[in-house]
Q: 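Once you've had a glance at the structure underneath, I'll fire off some questions.
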Amino acid sequence: MDRLVINSDNDRHGPTPSEADAINWLFLNKSGEMRNLAKNIANAGQIFDSPLVVQHGENYLVKDGNRRVTCLKLLANPSQSPEKFRKFFEKLKAELPFELVTTLNCQFASSDDVADQIIGLRHNGTQGGIGQLNWGIREKANHANRTNGKSDYSTAQMVENFLIENGYEDESRLISRSNLEKLIDTKARKARLGLFNGQDGILKSAQTNDKTLALI
């Protein structure tokens, strides 16, 4: 990790005089996000998403992942942190639940041009499917259900499942989950629609399915 250099010309902030100035910029302009990221890394004891790097003399310049690498560096050595945040990192380091992993697997780009192409695909939108596709409500719910069994739009998702089970798959995909959740996530409103949660956690119909489907 000592051979990883924080990019003083990161696209996030543009040219800065030095690595230390780049770190200062991150904490001056993204202090809340940097604190939260540092806490997350401290709790895990490691970085999961490999930074993108290019050769930089005998070291490696971080082209993407500067926030992650910065937090890991400062957790390992709080004395390098901006003075205002030094006690914060000292406390995090003292309370680490695991031994901090300071050896990183990195994605190596053969040149700045290749690295810039990768960064463009990650950060410049979907570009008609060429770039990274951000998750929508459904993808986020699928992930939440798969990993911890809890979706932010559980009632709306149960309505979708109810429609799919009754042959209305195309219609189910037209639902705005967040709006539907606000509309029917109370017992009274569910009752008016003829819906209720069964003991198994699955949405049930108090009326015949055809009447309930007509209301939905």
Side-chain angles (χ1 to χ4, degrees), residues 1-136 139-140 143 147:
M1 186 178 64
D2 291 338
R3 296 179 66 190
L4 294 180
V5 179
I6 302 302
N7 194 350
S8 61
D9 193 15
N10 187 356
D11 291 330
R12 192 179 296 279
H13 48 65
T16 59
S18 67
E19 180 183 32
D21 288 300
I23 291 173
N24 284 332
W25 187 96
L26 289 172
F27 281 94
L28 179 64
N29 294 274
K30 305 287 182 182
S31 60
E33 293 91 338
M34 293 299 288
R35 284 174 179 266
N36 288 337
L37 179 57
K39 290 176 184 177
N40 179 266
I41 293 172
N43 288 333
Q46 62 183 304
I47 289 176
F48 294 112
D49 193 1
S50 300
L52 174 68
V53 302
V54 294
Q55 191 81 38
H56 186 68
E58 295 183 355
N59 296 317
Y60 298 91
L61 181 68
V62 180
K63 296 289 287 187
D64 195 38
N66 282 277
R67 292 199 312 118
R68 281 166 271 154
V69 175
T70 293
C71 288
L72 191 64
K73 275 177 167 281
L74 301 187
L75 280 167
N77 188 359
S79 66
Q80 294 182 346
S81 61
E83 185 175 355
K84 182 179 177 181
F85 298 91
R86 197 155 300 161
K87 288 184 178 178
F88 169 76
F89 278 98
E90 288 174 346
K91 185 173 185 293
L92 275 184
K93 183 177 182 179
E95 297 175 351
L96 283 171
F98 310 104
E99 183 177 352
L100 192 66
V101 175
T102 56
T103 300
L104 299 180
N105 291 319
C106 296
Q107 181 182 0
F108 179 77
S110 57
S111 67
D112 283 327
D113 287 342
V114 171
D116 288 337
Q117 289 183 55
I118 296 170
I119 291 168
L121 291 173
R122 289 179 180 175
H123 297 293
N124 284 331
T126 62
Q127 303 172 65
I130 298 173
Q132 184 168 309
L133 299 180
N134 293 326
W135 278 358
E139 291 91 339
K140 292 176 182 177
H143 177 74
T147 56

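FYI, side chains are in, hydrogens and waters are out, and symmetry mates aren't considered; it's all heavy atoms of this structure. One-based numbering along the sequence shown. It should be emphasised that the depicted structure is a prediction, and the values quoted were computed from it without experimental measurement.
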Q: Please find the pair of heavy atoms, one from Ala109 and one from Leu52, that lie closest to each other, and give the distance.
A: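 Closest approach of Ala109 to Leu52: CB-CD1, 4.0 Å.
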
Q: Can you measure from OG1 (Thr70) to CG (Leu37) and round to the nearest 0.5 angstrom?
A: 9.0 Å

Q: Considering all heavy atoms of both residues, which atom of Gly65 and which atom of Val62 are nearest to each other, and what is their separation?
A: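 Looks like C-CG1, 3.8 Å.
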
Q: After noting the C-alpha distance and the side-chain angles of Asp64 and Ile118, does the key distance pass the side-chain contact (heavy atoms from CB on, under 4.5 Å) rule?
A: CA-CA 9 Å; Asp64 195 38; Ile118 296 170; over 6 Å; no

Q: Could you name each residue pair satisfying ring pair (Phe, Tyr, Trp, His ring centres under 6.0 Å) that touches residues 71-95, not counting sequence neighbours?
A: Phe27-Phe85, Phe27-Phe89

Q: Compare every heavy atom of Ala42 with every heavy atom of Leu96, then report the nearest pair and how far apart it is.
A: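 Result for this residue pair: CD2-O, 3.5 Å.
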
Q: Which side-chain hydrogen bond (donor to acceptor under 3.5 Å, both in side chains) pairs, counting each pair once, include a residue from residues 5-14, with sequence neighbours left out?
A: none

Q: Among pairs that include at least one residue of residues 76-90, which meet side-chain hydrogen bond (donor to acceptor under 3.5 Å, both in side chains), considering only residues two or more places apart or in two chains?
A: Asn77-Ser79

Q: Quick check for you: to the nearest 0.5 Å, what is the distance between Lys63 atom NZ and Ser111 atom OG?
A: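 Reported to 0.5 Å precision, the distance equals 9.0 Å.
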
Q: Name all pairs fulfilling the ring pair (Phe, Tyr, Trp, His ring centres under 6.0 Å) condition that reach into residues 35-71, sequence neighbours left out, sorted by first residue then second.
A: none

Q: I'd like to know if the side chain of Lys73 and the backbone of Leu4 have a donor-acceptor N/O pair within less than 3.5 Å.
A: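 Confirmed, Lys73 side chain pairs with Leu4 backbone.
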
Q: List the steps and the verdict of side-chain contact (heavy atoms from CB on, under 4.5 Å) for Thr126 and Asn134.
A: CA-CA 8 Å; Thr126 62; Asn134 293 326; 5.6 Å; no

Q: Which is it for Val53 and Val5 under the side-chain contact (heavy atoms from CB on, under 4.5 Å) test, yes or no, and what are the steps along the way?
A: CA-CA 9 Å; Val53 302; Val5 179; over 6 Å; no

Q: Under the 3.5 angstrom rule, does the side chain of Glu19 hit a backbone N or O of Ile6 as a donor-acceptor pair?
A: yes

Q: Show, in sequence, the C-alpha distance, side-chain angles and deciding distance for Leu72 and Leu104, and conclude whether the side-chain contact (heavy atoms from CB on, under 4.5 Å) test is met.
A: CA-CA 10 Å; Leu72 191 64; Leu104 299 180; 3.5 Å; yes

Q: Which atoms form the tightest heavy-atom contact between Val54 and Ala115, and what is the distance?
A: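 The answer is CG1-CB, 3.8 Å.
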
Q: Which value, rounded to the nearest 0.5 Å, describes the distance between Cys71 atom SG and Ile23 atom CD1?
A: 9.5 Å

Q: Keeping to residues at least two apart or across chains, list the ring pair (Phe, Tyr, Trp, His ring centres under 6.0 Å) pairs with something in residues 98-125.
A: none

Q: Listing request: all side-chain hydrogen bond (donor to acceptor under 3.5 Å, both in side chains) pairs with a residue in residues 21-45, at least two apart in sequence or in separate chains.
A: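 Pairs touching residues 21-45 that pass the test: Ser18-Asp21.
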
Q: Locate the shortest heavy-atom distance separating Ala76 from Lys93; write the atom from each residue and the value.
A: O-NZ, 2.9 Å

Q: Checking the side chain of Gln55 only, and the main-chain atoms of Gly57 only, is there a donor and an acceptor separated by less than 3.5 Å?
A: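 Judged by distance alone, yes, a pair lies under 3.5 Å.
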
Q: Using 0.5 Å steps for rounding, measure from the CZ atom of Arg68 to the OG atom of Ser50.
A: 8.5 Å

Q: Checking Arg122 side chain against Gln132 main chain: does a donor-acceptor pair fall under 3.5 Å?
A: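 No; judged by distance alone, with no hydrogens or angles, the pair does not exist.
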
Q: For the atom pair CD1 (Ile41) and CD1 (Ile47), what is the distance rounded to the nearest 0.5 Å?
A: 4.5 Å

Q: With rounding to the nearest 0.5 Å, note down the distance linking CD in Gln46 to OG1 in Thr102.
A: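 Between atom CD of Gln46 and atom OG1 of Thr102 there are 11.5 Å.
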
